[in-house]
Engineer: 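Take a look at this one; I'll ask things after.
Bear in mind that the values here come from a model prediction, so they are computed numbers and not experimental data. Order of the sequence lines sets the chain letters (A, B, ...), proteins ahead of strands, with each chain counted from 1. Worth knowing before you read on, the calculation uses all heavy atoms, side chains too, and leaves out hydrogens, waters and symmetry mates.
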2 protein chains.
Amino acid sequence: MKEGPDIALIGSLIGDPARANMLTALMAGRALTATELATHAGITLQTASSHLSKLEAGGLLTQRKQGRHRYFQLAEDEVGLMLENLMGFAASRGMNRHRPGPKDPALRKARVCYNHLAGDYGVRMYDSLIAEKQIEVKGDDLALTPAGQSRIEALGIDYAALKKSRRPICRTCLDWSERRSHLAGSLGEALLTLFIDKGWAKREANSRAIRFTANGDKAFSELFPQ
Amino acid sequence: MKEGPDIALIGSLIGDPARANMLTALMAGRALTATELATHAGITLQTASSHLSKLEAGGLLTQRKQGRHRYFQLAEDEVGLMLENLMGFAASRGMNRHRPGPKDPALRKARVCYNHLAGDYGVRMYDSLIAEKQIEVKGDDLALTPAGQSRIEALGIDYAALKKSRRPICRTCLDWSERRSHLAGSLGEALLTLFIDKGWAKREANSRAIRFTANGDKAFSELFPQ
DNA sequence: GGGATGCTTCGACTACGATCGAAGTATGAA
DNA sequence: TTCATACTTCGATCGTAGTCGAAGCATCCC
């Protein structure tokens, strides 16, 4: 009895609809203010404030003060991974809050998973990187090969900077729409940033969806052939 | 707003301490009766009954009637995997219900994860199988190699029977104590059953811990060298 | 300074869900 | 049949957590 870690604590944190909405909104990767999160959850600012402090106490969120705003975001990569995993499970049980709407296909095609690319595009990129041996599965985690390293540097990603951080560079994340792995970690983040900086892809407002431009689509397909 | 699957539903199911205790108890893999689960959770039978019907409605549990008993167990492999994943997250946040006690080391050494072996032994077995190319990572999932197939048949496992089932034979599961992968799926289950049938290992009562005998220890090390 | 805006804290209300006693159903044993 | 066990359903109670109004800080702008 009473063995192991306390899953009830996290469960209850996620279990409240208002908090779940906030977390889902934060899965889009942007840091959001308390007011924004309140409207996302459909509650008043006071209530949101109380929820946010609980989520922060539980280690799911961190806040940054900037002027008179407080920006909240998911505390670490692990939080995003855990949430995506839960979403996958919920989706597999048919626990959907909405009948699949017009937005759904866009989300399945390409979306933000906290800070990296997910959906069909995310999986395609991952598969391509594996097939071309630029990343490889090493025991339990993912590693960048020398070939992969020079490749991403050619793209303009600062490998040294990635390496300096304590965060893992590569890591897998389970996709709830595709039910397949895609690339997370600081490299996953850097790649998504790159696509956006280059103007290949754009985030849709108030959504996790990512829209690729015609050029971006072409460039992406060339970079990551099927 | 309101995108994606409803994580609040599962969250709230897991979020109640009584239900979390029941689920944790069921992670030991045995099917338990309502009365047993009630004592595990420290509540009366009536309350337990209400919780159990909720968990069943949520698709986390299934029940089997046997005489006047009702045996409850986790609905599918996915449920166990999801719970172990949550435990891993909770453990990483230091959310423990108890100060690490005397039982803790035993659990870390070898324990049941729903229906397969986890802990140090589970990870060792997994690593060994990979190193000897008896299972291999194939894209996103695990596959038994021809060498692995004849190997497990030599051990007395009915490969044809495993293959017939719709369940995946091999699959990875994230270990919350080791933070590494170990082998789940029907093969994982068959192997654990084998160890117990051969008398190499024994389940401890009312615990997820598994105790290997001296002989079992030796046999295990020979079968799965480091 | 004065007046927004953004957010937190306090206090009170409310509703939902966990809880258990009591009664009801089903299975098994004698 | 009768009694015992295993469990469910009903009904009532009770606590707690979510909710918001009002007031209190903090920051920024003019």
Side-chain angles (χ1 to χ4, degrees), chain A residues 1-2 6-26 30-73 75 95 97 206, chain B residues 1-2 6-26 30-58 60-73 75 95 97:
Chain A
M1 229 191 296
K2 304 268 189 259
D6 190 358
I7 51 175
L9 229 156
I10 329 166
S12 65
L13 280 177
I14 302 174
D16 179 78
R19 285 194 289 260
N21 282 335
M22 292 179 170
L23 291 170
T24 308
L26 287 170
R30 291 195 178 87
L32 298 174
T33 64
T35 315
E36 287 169 324
L37 287 167
T39 59
H40 267 284
I43 50 179
T44 62
L45 188 55
Q46 305 91 295
T47 311
S49 179
S50 130
H51 284 307
L52 288 170
S53 60
K54 280 173 195 170
L55 287 172
E56 198 183 1
L60 298 188
L61 257 49
T62 53
Q63 59 166 302
R64 244 176 326 133
K65 279 185 74 168
Q66 220 168 78
R68 52 184 160 179
H69 295 274
R70 302 215 174 179
Y71 285 95
F72 291 86
Q73 56 186 1
M95 292 169 165
R97 289 181 300 190
N206 293 325
Chain B
M1 228 190 296
K2 304 264 189 263
D6 191 357
I7 50 175
L9 229 157
I10 327 166
S12 64
L13 280 177
I14 302 174
D16 179 78
R19 285 194 290 259
N21 283 335
M22 292 179 172
L23 291 170
T24 309
L26 286 171
R30 290 194 179 87
L32 298 175
T33 66
T35 315
E36 287 169 323
L37 287 167
T39 59
H40 267 285
I43 51 180
T44 63
L45 188 55
Q46 304 93 294
T47 312
S49 178
S50 129
H51 284 307
L52 288 169
S53 60
K54 280 172 195 170
L55 287 172
E56 198 183 1
L60 298 188
L61 257 51
T62 54
Q63 58 166 305
R64 242 174 330 131
K65 280 186 71 167
Q66 222 168 78
R68 51 184 161 180
H69 296 275
R70 302 216 175 179
Y71 285 94
F72 291 86
Q73 56 186 2
M95 292 170 167
R97 288 181 300 189

Engineer: Looking at D/dT19, D/dA4, C/dG6, which one has an atom nearest to any side-chain atom of A/H51?
Structural biologist: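 Per side-chain heavy atoms of A/H51, the pick is D/dT19.
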Engineer: Determine the minimum heavy-atom distance between B/F72 and B/R70, stating which atoms define it.
Structural biologist: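 Closest heavy-atom pair between B/F72 and B/R70: CD1-O, 3.6 Å.
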Engineer: To check you understand the geometry: which heavy-atom pair defines the closest contact between B/A38 and B/A48, and what is its length?
Structural biologist: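 Smallest interatomic distance, heavy atoms only, reads CB-CB, 3.6 Å.
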Engineer: Looking across every strand, which nucleic acid part, if any, lies under 4.0 Å from B/T33 by heavy atom: base, sugar-phosphate, or nothing?
Structural biologist: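 Counting heavy atoms under 4.0 Å across all strands, the contact made by B/T33 is with sugar-phosphate only.
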Engineer: Separation of B/K65 atom NZ from C/dT25 atom P, in whole Å?
Structural biologist: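 Computing the B/K65:NZ to C/dT25:P distance gives 14 Å.
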Engineer: Please report the distance, rounded to the nearest Å, between CZ in A/F72 and P in C/dG6.
Structural biologist: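 After rounding, the reported distance stands at 14 Å.
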Engineer: Tell me, with the steps shown, if A/D16 and A/H51 meet side-chain contact (heavy atoms from CB on, under 4.5 Å).
Structural biologist: CA-CA 9 Å; A/D16 179 78; A/H51 284 307; 3.4 Å; yes
Engineer: Here's a test of your reading of the structure: between A/L45 and B/S49, which maps to the more 5' nucleotide of DNA chain D?
Structural biologist: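 Counting from the 5' end, the first nearest nucleotide belongs to B/S49.
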Engineer: Taking B/L45's backbone N and O only, do any of them form a donor-acceptor pair with B/S49's side chain (distance below 3.5 Å, no angle check)?
Structural biologist: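 Absent.
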Engineer: Is a side-chain donor or acceptor of A/R19 paired with a backbone partner of A/S12 at a separation under 3.5 angstrom?
Structural biologist: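 Flag set: sc A/R19 to bb A/S12 pair under 3.5 Å.
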Engineer: When you measure from the side chain of A/Q46, which nucleotide among C/dC7, D/dA22, C/dG21 comes out closest?
Structural biologist: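 Minimum distance to the A/Q46 side chain belongs to D/dA22.
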Engineer: Starting at CG of A/L52 and ending at C1' of C/dT9, how long is that distance when rounded to a whole Å?
Structural biologist: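 The distance from CG of A/L52 to C1' of C/dT9 comes to 14 Å, rounded to the nearest Å.
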Engineer: Which sits closer to the 5' end of DNA chain C, A/R68 or A/A48, going by the nucleotide each is nearest to?
Structural biologist: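 Nearest-nucleotide comparison on DNA chain C picks A/R68.
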Engineer: Counting only side-chain heavy atoms from C-beta out, which of D/dT8, D/dG18, C/dA18 sits nearest to B/K54?
Structural biologist: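 Nearest to the side chain of B/K54 among the choices is C/dA18.
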Engineer: If you compare every side-chain N and O of A/R19 against the phosphate oxygens of D/dG18 (OP1, OP2), does one of them come in below 4.0 Å?
Structural biologist: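 So the side chain of A/R19 is within the cut-off, an N or O lying under 4.0 Å from OP1 or OP2 of D/dG18.
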Engineer: Checking contacts here: which listed nucleotide (D/dC20, C/dT27, C/dA18) is nearest the side-chain heavy atoms of A/I43?
Structural biologist: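 Between D/dC20, C/dT27, C/dA18, the one nearest the side chain of A/I43 would be D/dC20.
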Engineer: In whole angstroms, how far is the P atom of D/dT19 from the CG atom of A/N21?
Structural biologist: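 About 10 Å, once rounded to whole Å.
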Engineer: Side chain of A/D16, heavy atoms from C-beta onward: which of C/dG28, C/dT8, D/dG18 has the nearest atom to it?
Structural biologist: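 Minimum distance to the A/D16 side chain belongs to D/dG18.
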Engineer: Whole-Å distance between D/dT9 C1' and B/E56 CD?
Structural biologist: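 Going from CD in B/E56 over to C1' in D/dT9 covers 15 Å.
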Engineer: Please state how far atom CE in B/M22 lies from atom P in C/dA18, giving the value in whole angstrom units.
Structural biologist: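 Spelled out: CE on B/M22 to P on C/dA18 is 11 Å.
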Engineer: How many whole angstroms separate atom CZ of A/R70 from atom P of D/dT27?
Structural biologist: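 So the two atoms are 9 Å apart, to the nearest Å.
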Engineer: Among the nucleotides D/dT19, D/dC28, C/dT19, which one has an atom lying closest to any side-chain atom of A/T47?
Structural biologist: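 So the nucleotide nearest the side chain must be D/dT19.
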Engineer: Roughly, in whole Å, what's the span from CZ in B/R64 to C1' in D/dA6?
Structural biologist: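 So the CZ-C1' distance, B/R64 to D/dA6, works out to 16 Å.
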Engineer: Which nucleotide sits closest to the side chain of A/H69: C/dG6, C/dG28, D/dT27?
Structural biologist: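 The nucleotide sitting nearest to the side chain is C/dG6.
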